[in-house]
Enquirer: 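Here it is: the structure, laid out below.
What you see is a predicted model; the values in this text were computed from it and never measured. Sequence lines set the chain letters: A, B, ... in the order given, protein chains first and strands last, and positions in each chain run from 1.
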2 protein chains.
Amino acid sequence: MSTASAARREIPEATVARLPLYLRALRSLGARGVEVISSEALSEAAGVRSTGLRKDLSHLGSYGVRGVGYDVGRLSEEISRELGLHHDWSVAIIGMGNLGHALAAYGGFATRGFSVRWLVDEDPAVIGTEIAGLQVIDFADLAKQAPESIIAVLATPPHAAQQAADQAVALGVRSILNFAPCVITVPDGVEVRKVDLATELQILAFHEQRGRDGELSSRHFVSKDSGSARSIGATKERRTSWGEAP
Amino acid sequence: MSTASAARREIPEATVARLPLYLRALRSLGARGVEVISSEALSEAAGVRSTGLRKDLSHLGSYGVRGVGYDVGRLSEEISRELGLHHDWSVAIIGMGNLGHALAAYGGFATRGFSVRWLVDEDPAVIGTEIAGLQVIDFADLAKQAPESIIAVLATPPHAAQQAADQAVALGVRSILNFAPCVITVPDGVEVRKVDLATELQILAFHEQRGRDGELSSRHFVSKDSGSARSIGATKERRTSWGEAP
DNA sequence: TAGATTGTTAATCGATTAACAATC
DNA sequence: TAGATTGTTAATCGATTAACAATC
């Protein structure tokens with residue numbers, strides 16, 4: 001399927017991490033009927049610098065038109081393809097506590113290429129119950145039902161995370177999103193990304209503390225990671241209620 | 001309170017982002033009765049390289065003893081102080097959908113220096129209800145009750161996030177953790193960090209796709225961001241059930 | 001053609017790693 | 001003293017920014 005010209009471009013890790021932001025912005029623009037957009041405007045919508053955006057996109061190839069900009073639909077397609085979103089990914093959520101429960105019901109995955117298809121727990125009191133339209137199963141059942149490649153979302157308490165990760169890996173899982181606030185160890189070839197909510201708050205606390213102390217020196221708190229604080233004047237559509245989760 | 005020697009050390013952003021990981025590992029070690037630890041062992045528990053750990057700690061000062069290691073209690077204290085965790089931070093969660101609900105009930109904040117004290121929504125059907133022992137209030141009430149410095153956790157749907165952020169900022173909030181999958185714009189001096197769940201999955205999908213294609217070239221997927229995939233042989237305590245969230 | 005905007009090259013900046021001298 | 005381990009300096013690496021030539 002891959003042609004000779006498909007020599008695998010190396011895409012910098014920092015760029016990969018931003019592609020989803022561009023895609024998100026493009027989809028939103030597309031939904032509003034925007035068909036062509038400049039790097040300047042797109043970068044603003046994505047919360048990055050235009051020069052960085054162009055550099056990032058240059059790693060994918062040349063999909064823009066000088067003097068004009070980028071075709072929103074075309075660029076969405078190309079980024080989707082690059083991210084591997086042309087087929088849907090199946091997700092298993094492991095650990096049905098508060099967080100696992102919320103993630104199971106979270107609507108934000110389906111719209112972005114992921115189907116939550118399995119909910120796993122080891123507590124007999126939870127197994128068999130229905131959450132967000134799915135039956136909670138145990139690992140043995142997951143092994144039977146999930147021969148294909150899946151992404152595991154770990155939402156167990158920390159003391160159970162390593163064991164759960166081991167079981168997932170034994171099933172062939174090679175991508176894990178870890179919400180448990182602990183380090184998990186996996187074999188080579190398995191990728192782990194982590195989201196630690198309290199860690200994020202602690203980083204904010206650090207800056208807030210520094211900020212108050214150093215008030216008079218009038219620093220600017222332009223965080224590296226968050227990025228979004230950087231851009232000014234981005235789209236400002238408002239209104240409506242927010243009873244439902246993001 | 002600050003002495004002349006308290007010339008404000010600049011701590012690199014990358015270091016700040018890792019301090020919470022060190023603290024987490026130290027607390028866990030301390031709870032197990034470990035009193036002294038080498039940079040080598042601590043780095044493994046935290047999922048980083050020992051050389052990086054020492055470099056990070058050197059920004060805080062010299063709290064280790066050559067030939068011996070670090071005092072677990074002392075280092076915990078110093079990092080806590082550096083992060084501003086010697087007083088508890090108050091958190092307001094904005095948006096009581098699935099995710100906001102789960103975050104309100106999430107036990108992992110309290111143990112790490114944060115008190116969730118306010119739950120905010122604008123839906124009259126939700127305001128006044130009780131979640132995790134707290135009454136849901138509206139912004140007007142929050143304005144009355146929260147004169148002090150607070151951290152806002154945004155868990156609204158994307159279309160409502162900017163407005164909610166504006167209202168929070170108007171109340172004096174200067175630190176925002178944004179779970180809504182959109183860019184929000186804030187004035188200088190306000191810091192935003194973001195957590196986008198679908199984005200994390202898309203980054204994993206990218207690597208998984210690459211991995212399968214490039215199988216024969218036997219790459220190693222050592223992600224920059226996740227870091228935890230790097231260390232091998234870290235602590236492996238197991239067992240017990242995981243009915244509850246992390 | 002003139003104006004706009006991309007894609008790329010070069011310069012800067014920051015973060016990681018390696019090496020090792022200091023010192024317990 | 002000998003062995004271990006920190007803290008720091010220098011080298012490498014990668015990511016960001018600036019500048020501008022290519023070109024629609």
Side-chain angles (χ1 to χ4, degrees), chain A residues 9-19 21-22 26 34-72 74-75 78-79 82 203 220 222-231, chain B residues 9-19 21-22 26 34-72 74-75 78-79 82 203 220 222-231:
Chain A
R9 282 177 293 260
E10 257 327 312
I11 300 189
E13 200 42 45
T15 297
V16 171
R18 279 186 297 258
L19 291 180
L21 306 184
Y22 303 152
L26 286 165
V34 178
E35 290 181 351
V36 174
I37 193 161
S38 68
S39 62
E40 189 62 37
L42 178 55
S43 70
E44 227 171 55
V48 301
R49 296 276 170 84
S50 69
T51 174
L53 167 67
R54 290 203 301 277
K55 176 116 231 193
D56 283 342
L57 294 185
S58 75
H59 292 292
L60 309 191
S62 293
Y63 300 125
V65 180
R66 286 168 145 101
V68 178
Y70 300 88
D71 181 281
V72 171
R74 170 93 192 284
L75 190 53
E78 294 298 345
I79 293 178
E82 197 64 55
I203 296 169
H220 288 219
V222 181
S223 108
K224 220 38 185 316
D225 272 339
S226 69
S228 36
R230 237 177 230 161
S231 78
Chain B
R9 283 177 292 261
E10 257 329 311
I11 299 188
E13 199 45 44
T15 297
V16 171
R18 280 185 297 259
L19 292 180
L21 306 185
Y22 303 152
L26 286 164
V34 178
E35 290 182 350
V36 174
I37 193 161
S38 69
S39 63
E40 189 62 37
L42 178 55
S43 70
E44 227 171 55
V48 302
R49 297 276 169 84
S50 68
T51 174
L53 167 66
R54 290 205 300 280
K55 176 115 230 194
D56 284 341
L57 295 184
S58 76
H59 292 293
L60 308 191
S62 293
Y63 299 126
V65 181
R66 286 165 143 103
V68 179
Y70 299 89
D71 180 281
V72 171
R74 170 93 192 285
L75 190 53
E78 295 298 345
I79 294 178
E82 197 64 53
I203 296 169
H220 288 219
V222 181
S223 107
K224 218 45 186 315
D225 271 339
S226 69
S228 35
R230 235 180 230 158
S231 77

Enquirer: Ignoring backbone atoms, establish whether A/Arg49 has a side-chain N or O less than 4.0 Å from OP1 or OP2 of D/dT17.
Expert: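 Looking at the OP1 and OP2 atoms of D/dT17, one of them is under 4.0 Å from a side-chain N or O of A/Arg49.
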
Enquirer: Between C/dT6 and A/Arg66, counting only base atoms on the nucleotide and side-chain atoms on the residue, is there a donor-acceptor pair under 3.5 Å?
Expert: yes

Enquirer: Provide, to the nearest angstrom, the distance between the CD atom belonging to B/Glu10 and the P atom belonging to C/dA15.
Expert: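 Whole-Å distance recorded here is 11 Å.
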
Enquirer: State the OG-CG distance between B/Ser43 and B/Leu57, to the nearest 0.5 angstrom.
Expert: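 If I round to the nearest 0.5 Å, the distance is 10.0 Å.
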
Enquirer: Do the side-chain N or O atoms of B/Ser38 get closer than 4.0 angstrom to the phosphate oxygens (OP1, OP2) of D/dT5?
Expert: no

Enquirer: Closer to the 5' end of DNA chain C via nearest nucleotide, is it A/Val68 or A/Thr51?
Expert: A/Val68

Enquirer: Considering only heavy atoms from C-beta outward, does the side chain of B/Ile37 approach that of B/Leu75 to under 4.5 Å?
Expert: no

Enquirer: Could you measure the distance from the CG atom of B/Leu42 to the CD atom of B/Glu40? Nearest 0.5 Å is fine.
Expert: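 CD of B/Glu40 is found 10.0 Å from CG of B/Leu42.
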
Enquirer: Give DNA chain D the dot-bracket treatment, 5' to 3': Watson-Crick (N1-N3 with N6-O4 or O6-N4) or G-U (N1-O2, O6-N3) under 3.5 Å, [ ] crossing, | other strand.
Expert: ..||||||||||||||||||||||

Enquirer: Taking atom P of D/dT6 as reference, at what distance in whole Å does atom CZ of B/Arg74 sit?
Expert: 15 Å

Enquirer: Calculate the interatomic distance between B/Glu13 atom CD and D/dT16 atom P; express it in whole Å.
Expert: 13 Å

Enquirer: Rounded to the nearest 0.5 Å, what's the gap from CD on B/Glu78 to OG on B/Ser62? Could you check?
Expert: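 Reported to 0.5 Å precision, the distance equals 11.0 Å.
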
Enquirer: Nearest whole Å is fine: how far is C/dC24 P from B/Asp71 CG?
Expert: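 Answer to the nearest Å: 16 Å.
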
Enquirer: If the cut-off is 4.0 Å, is A/Tyr70 near the phosphate of C/dA4, judged by side-chain N/O to OP1 or OP2?
Expert: no

Enquirer: If you assign A/Gly67 and A/Arg54 each to the DNA chain D nucleotide with the nearest heavy atom, which residue ends up on the more 5' nucleotide?
Expert: A/Arg54

Enquirer: Take the protein atom CG of B/Leu57 and the nucleotide atom P of C/dT16, then report the distance between them rounded to whole Å.
Expert: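 Spelled out: CG on B/Leu57 to P on C/dT16 is 14 Å.
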
Enquirer: Once you round it to whole Å, what is the distance between C1' of C/dA18 and NZ of B/Lys55?
Expert: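 Interatomic distance, NZ of B/Lys55 to C1' of C/dA18: 11 Å.
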
Enquirer: As an exercise, state the distance from CG of A/Leu19 to OG1 of A/Thr15, rounded to the nearest 0.5 Å.
Expert: 6.5 Å

Enquirer: Expressed in angstrom and rounded to an integer, what is the separation of A/Leu42 atom CG from C/dG7 atom P?
Expert: 12 Å

Enquirer: Expressed as a whole number of angstroms, how long is the span from B/Tyr63:OH to D/dG7:C1'?
Expert: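 Rounding to the nearest Å, OH of B/Tyr63 and C1' of D/dG7 are 14 Å apart.
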
Enquirer: Are any of the side-chain heavy atoms of A/Val16 and A/Glu82 separated by less than 4.5 Å?
Expert: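 No, their side chains stay 4.5 Å or more apart.
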
Enquirer: Between D/dC24, D/dA15, D/dT6, spot the one nearest the side chain of A/Pro12, thanks.
Expert: D/dA15

Enquirer: Report yes if at least one side-chain N or O of B/Arg18 is closer than 4.0 Å to OP1 or OP2 of C/dT16; otherwise report no.
Expert: yes

Enquirer: Output the distance between atom CD (B/Glu44) and atom CZ (B/Arg49), rounded to the nearest 0.5 Å.
Expert: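 One finds 11.5 Å between CD of B/Glu44 and CZ of B/Arg49.
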
